[in-house]
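Encoded as structure tokens, the structure appears first; notes follow it.
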Amino acid sequence: MAIFKEFGSDDIKTSKSFLNQLIDIVTTDISSSTSRRKYQVFVTGGLGPGVTSSLFQTVFDQDFTLQTANAIFDMTVGFATGSELVVNENPTIDSNGKYLFSSTTLMMREKLDIYRLMAQNLLGDANEEFTVNNASTVFPIKEAVFICFKRLFARDQIKRETFALRYNPSASASPTGGNLAKVGNPTTKILTDINSSTNKLFTFGGQVSTVVDSATSSNPIGVLFIDRGVLVLDVSRAFGQIEPLSGVIDAITSLGVDPNFTGSLKSLLVSGSIDDIVDHLASTRFSGSDETAITFQNITNINSTLFFARLTADEFNYSSNPTYVDTDSRIRVIDEGQEETQKSFTFITSLGLYDASDNLLAVAKVSRPVQKDADRDITLKVRLDY
Amino acid sequence: MPSGTRRAIKKDKKVGFLQGDTNNLILDAVLTDKGREFLSRNDGSFSVIKFAPGDDEVDYTLIQKFGRTVGKEKIEKNTPIFEALTNGNLSQKYRLVSVSNPNLIRLPTLTFTGESVDSVNKLVQMGVTTNKQKQLTVSQTITNENSIDVELRDSSFIVEMSNLFLQIPGANAPDNIDSQQRASYILVRNAESTDLGGSKLTFSLASKAITPSQFAIYGSIANKNVISTFVKVYGVLSGAVIEFEVQISQV
């Protein structure tokens with residue numbers, strides 16, 4: 001008599017499987033200021049009033065003040081020290097290696113630091129530059145937009161050839177009154193990582209996919225670190241560089257810097273704070289109401305243990321359920337007078353997995369009661385995922 | 001085609017094949033709180049060794065009421081299955097039993113007796129200072145049989161109770177206390193048996209030092225001076241279960 005049955009050596013197997021989830025990020029989540037959270041940790045020193053800014057912004061799937069909001073990705077910008085935007089400013093470098101820029105620029109050192117941080121983690125060398133290439137040419141990414149997907153969405157890996165990003169590469173063509181916060185030119189561009197399955201590239205930061213213009217697949221725009229869930233977009237190849245931009249940005253007015261900005265995207269990258277730049281890119285280059293801006297499939301690796309609970313014909317045909325016997329101790333499922341022909345049976349509704357000390361470690365339930373009797377040999381395959 | 005082959009095919013037509021995979025059911029398991037705790041220890045204590053099927057939701061009186069055919073159908077089609085519970089004490093109350101004898105008609109059940117206990121209503125009343133200890137006996141009984149089959153006799157019992165309010169004096173510390181403060185004691189059966197050969201377990205149940213504040217929190221709504229809790233005893237081999245209420249008064 002037993003209420004337990006031990007698993008045999010062949011009854012426990014391990015397996016590995018993969019789960020894909022389709023992630024769809026809508027434009028309003030990126031463009032709306034209510035779903036884009038700022039962390040204003042940067043404050044200019046010296047004369048006030050200063051400028052405060054985030055070093056990155058986080059895009060949520062709804063109003064980020066709500067407890068149910070999930071962070072989707074972080075967005076920021078950075079430059080390589082070899083960028084013309086840096087070189088043209090002629091920064092001086094002090095004895096400690098610190099770059100000193102003129103007061104007409106903003107957060108230049110932070111933008112350099114962010115690029116170096118990303119390079120160190122993704123390329124293995126903070127001084128290295130990101131590159132993107134087609135079959136014939138290698139293009140350095142001197143100015144980059146970094147989009148770092150949260151683990152909740154990127155999971156263990158972004159699946160190759162599933163990534164797409166739709167955006168407005170050009171700013172609004174009507175700079176009157178300022179187009180810094182106006183929705184960009186409605187002509188959209190779609191970037192994809194097409195052909196990344198046949199061009200599997202590996203870096204210090206894991207596997208990468210080249211993100212190209214879907215209309216011209218020979219035109220690479222950025223790189224997607226699929227293991228890290230980080231997209232590095234080349235600003236100079238992704239966005240129009242010469243379109244006029246104007247509007248109000250943060251500036252240290254006490255030093256005589258004019259907050260009324262007029263220039264191009266490149267000059268905004270120099271003059272604007274990271275908040276100004278991310279605000280512009282997020283709020284004007286991802287237009288539309290609930291249209292898809294970014295989509296991809298993620299991969300979750302699932303390690304499973306399969307337990308084969310084999311209930312042979314003569315096992316578990318009685319029950320300790322109090323309704324199984326009547327007040328006369330008689331088994332209810334056998335009719336009186338039919339004892340010679342009728343055998344007992346039970347119904348299974350759950351299966352418990354126990355350790356040697358009878359501790360219940362896991363429980364599995366069936367969707368409906370499963371009959372067990374002396375004519376049935378049942379194998380319940382129980383999967384425990386990790 | 002030779003005639004012998006034709007005959008063989010004709011013979012084969014009489015053979016019925018059962019598709020084996022229809023008997024394979026795939027279930028997803030959830031870890032219980034104990035399973036998670038063991039896993040978090042990272043010391044190999046999470047080790048699944050055995051399994052036990054259960055039938056908590058099934059009402060077998062339907063078979064008696066509607067007969068075997070309709071009763072089975074009613075159980076299969078009309079029984080709602082609850083979700084898997086992570087609380088190990090509630091997940092599998094009643095488990096199925098393997099017995100080598102396929103012709104059993106009666107099964108033993110557990111009854112309990114003791115000084116001033118209400119066996120019919122399965123109720124034990126005790127206090128915090130007076131009557132704070134009761135001796136109880138749980139016995140395997142069977143009616144209309146001369147004896148209990150040897151295979152159906154339990155060698156030990158597991159007694160589960162609230163660790164906040166009750167204890168077994170004289171016994172060692174509980175063998176296990178879960179996150180819900182349910183204490184489990186594994187107790188060996190008495191040396192002597194019942195007249196029918198069934199196992200007996202005699203143990204003392206005592207109330208702990210329960211404070212007035214605890215009575216204010218855990219006391220019943222109608223009477224804050226009484227805490228109601230439940231004790232479960234089951235045979236390790238037979239799986240037979242008895243659960244009774246213990247009312248602890250603030251006296």
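Throughout, protein chains are lettered first and strands after them, A, B, ... in sequence-line order, and every chain is numbered starting at 1. Model, not experiment: these values are computed from the prediction.
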Greatest number of heavy atom pairs closer than 4.5 Å to chain B - which of A/Val333, A/Leu311, A/Ile334: A/Val333
Using non-hydrogen atoms only, which part of B/Ile158 is less than 4.5 Å away from chain A: side chain, backbone, both, or neither? side chain
Side chain from CB out, backbone as N, CA, C, O: work out which of these in B/Ala84 comes under 4.5 Å of a heavy atom of chain A, or both, or neither. both
Among A/Lys5, A/Glu6, A/Glu339, A/Lys343, which residue has the highest count of heavy-atom pairs closer than 4.5 Å to chain B? A/Lys5
Using non-hydrogen atoms only, which part of A/Asp326 is less than 4.5 Å away from chain B: side chain, backbone, both, or neither? side chain
I'd like to know if the side chain of B/Ser98 reaches the main chain of A/Ile3, judged simply by a donor and an acceptor atom lying under 3.5 Å from each other, with no hydrogens or angles considered. no
Is it the side chain or the backbone of A/Asn317 that comes within 4.5 Å of chain B heavy atoms, both, or neither? backbone
When you measure from the side chain of B/Thr143 to the backbone of A/Asp328, do you find a donor-acceptor pair of N or O atoms at a distance under 3.5 Å? yes
Please look at B/Lys72 and chain A and tell me whether the side chain, the backbone, both or neither of the residue comes under 4.5 angstrom of a heavy atom of that chain. both
Top contributor to chain B interface from A/Phe7, A/Tyr386, A/Tyr318, A/Phe307 [non-hydrogen pairs under 4.5 Å]: A/Tyr318
Please check this pair: side chain of A/Asp29 against backbone of A/Ile25, looking for a donor-acceptor N/O pair closer than 3.5 Å. no
Below 4.5 Å from any heavy atom of chain B, which atoms of A/Phe345 appear? Answer side chain, backbone, both or neither. both
Atom of A/Ile348, atom of A/Ser350 and distance for their closest heavy-atom approach: CG2-O, 3.5 Å
Checking A/Leu306 against chain B: side chain, backbone, both or neither under 4.5 Å from a heavy atom? neither
Do any of residues 152-160 of chain A have a heavy atom less than 4.5 Å from a heavy atom of chain B, and if so, which, in residue order? none
Based on non-hydrogen pairs under 4.5 Å, which of B/Asp59, B/Val150, B/Asp33, B/Ile75 is most in contact with chain A? B/Ile75
Checking A/Arg310 against A/Glu315 for the salt bridge (Lys or Arg N to Asp or Glu O under 4.0 Å) test, could you report, in this order, the C-alpha distance in whole Å, the side-chain angles of both residues, the deciding distance, and whether it holds? CA-CA 9 Å; A/Arg310 303 183 202 281; A/Glu315 292 174 332; over 6 Å; no
Look at the side chain of A/Asp125 and the backbone N and O of A/Gln120, then say whether any donor-acceptor pair between them is shorter than 3.5 Å. no
Hey, does the side chain of A/Asp193 reach the backbone of A/Ser196 with a donor-acceptor pair shorter than 3.5 angstrom? no
Which residue out of B/Glu57, B/Glu145, B/Arg95, B/Arg36 racks up the most heavy-atom pairs below 4.5 Å with chain A? B/Arg95
For B/Val188, give me all partners under side-chain contact (heavy atoms from CB on, under 4.5 Å), at least two apart in sequence or on another chain. none
If you count heavy-atom pairs under 4.5 Å between each of B/Ala29, B/Gly35, B/Gly67 and chain A, which one has the most? B/Ala29
State whether the side chain of A/Gln342 and the backbone N or O of A/Asp335 hold a donor-acceptor pair below 3.5 Å, judged by distance alone. yes
Which heavy-atom pair separates A/Asp227 from A/Gly205 by the least distance, and what is that distance? CB-O, 4.4 Å
Below 4.5 Å from any heavy atom of chain A, which atoms of B/Val236 appear? Answer side chain, backbone, both or neither. both
With B/Pro108 as reference, evaluate B/Asp154, B/Thr141, B/Ile148, B/Asp149 under the side-chain contact (heavy atoms from CB on, under 4.5 Å) test and give the passing residue. B/Ile148
Heavy atoms under 4.5 Å from chain B: which residues of residues 60-68 of chain A carry them? none
Take B/Asp28 and A/Arg383, measure what salt bridge (Lys or Arg N to Asp or Glu O under 4.0 Å) needs, and give me the verdict at the end. CA-CA 5 Å; B/Asp28 278 331; A/Arg383 197 177 67 184; 3.3 Å; yes
Counting heavy-atom pairs closer than 4.5 Å to chain A, which one of B/Lys34, B/Arg68, B/Gln92 comes out on top? B/Arg68
Output the residues of residues 353-370 of chain A for which the shortest heavy-atom distance to chain B is under 4.5 Å, in residue-number order; output 'none' if no such residue exists. A/Leu353, A/Tyr354, A/Asp355, A/Ala356, A/Asp358, A/Asn359, A/Leu360, A/Leu361, A/Ala362, A/Val363, A/Ala364, A/Lys365, A/Val366, A/Ser367, A/Arg368, A/Pro369, A/Val370
Is the distance between the ring centroids of A/Phe296 and A/Phe149 under 6.0 Å? yes
Between chain B and each of A/Leu384, A/Asp385, A/Thr327, count heavy-atom pairs under 4.5 Å; write down the option with the most. A/Leu384
Ring centroids only, cut at 6.0 angstrom: are B/Phe244 and B/Phe112 within range, meaning strictly under it? yes
Considering all heavy atoms of both residues, which atom of B/Leu136 and which atom of B/Val117 are nearest to each other, and what is their separation? CD2-CG1, 3.5 Å
Could you give me the CA-CA distance, side-chain angles and deciding distance for A/Arg332 and B/Thr61, then say whether side-chain contact (heavy atoms from CB on, under 4.5 Å) is met? CA-CA 7 Å; A/Arg332 280 197 160 104; B/Thr61 61; 3.4 Å; yes
Nearest heavy atoms of B/Val233 and B/Leu110, plus distance in Å: O-CD1, 3.8 Å
Which pair of non-hydrogen atoms, one from B/Thr194 and one from B/Ser139, has the smallest distance, and what is that distance? CG2-CB, 3.9 Å
Side chain, backbone, both or neither: which part of B/Thr109 has an atom under 4.5 Å from a heavy atom of chain A? side chain
Taking only Lys NZ, Arg NE, NH1 and NH2, and the carboxylate oxygens of Asp or Glu, determine whether B/Arg41 and B/Glu37 approach each other closer than 4.0 Å. yes
Evaluate B/Phe51 against A/Phe4 for ring-ring contact (aromatic ring centres under 6.0 Å, His included), listing each step before the verdict. CA-CA 6 Å; B/Phe51 67 90; A/Phe4 296 112; 9.2 Å; no
Exceeds 12 heavy-atom contacts within 6.0 angstrom, atom CG of B/Asp43: yes
Could you check which of A/Ala309, A/Pro322, A/Ser319, A/Gly8 has the highest count of heavy-atom pairs closer than 4.5 Å to chain B? A/Ser319
Could you go through B/Leu152 and B/Leu104, starting from their C-alpha distance and side-chain angles, then the distance that decides it, and tell me whether this counts as side-chain contact (heavy atoms from CB on, under 4.5 Å)? CA-CA 11 Å; B/Leu152 298 173; B/Leu104 287 175; 4.2 Å; yes
Tell me, for B/Asn101 versus chain A, whether the close heavy atoms (under 4.5 Å) come from the side chain, the backbone, both or neither. backbone
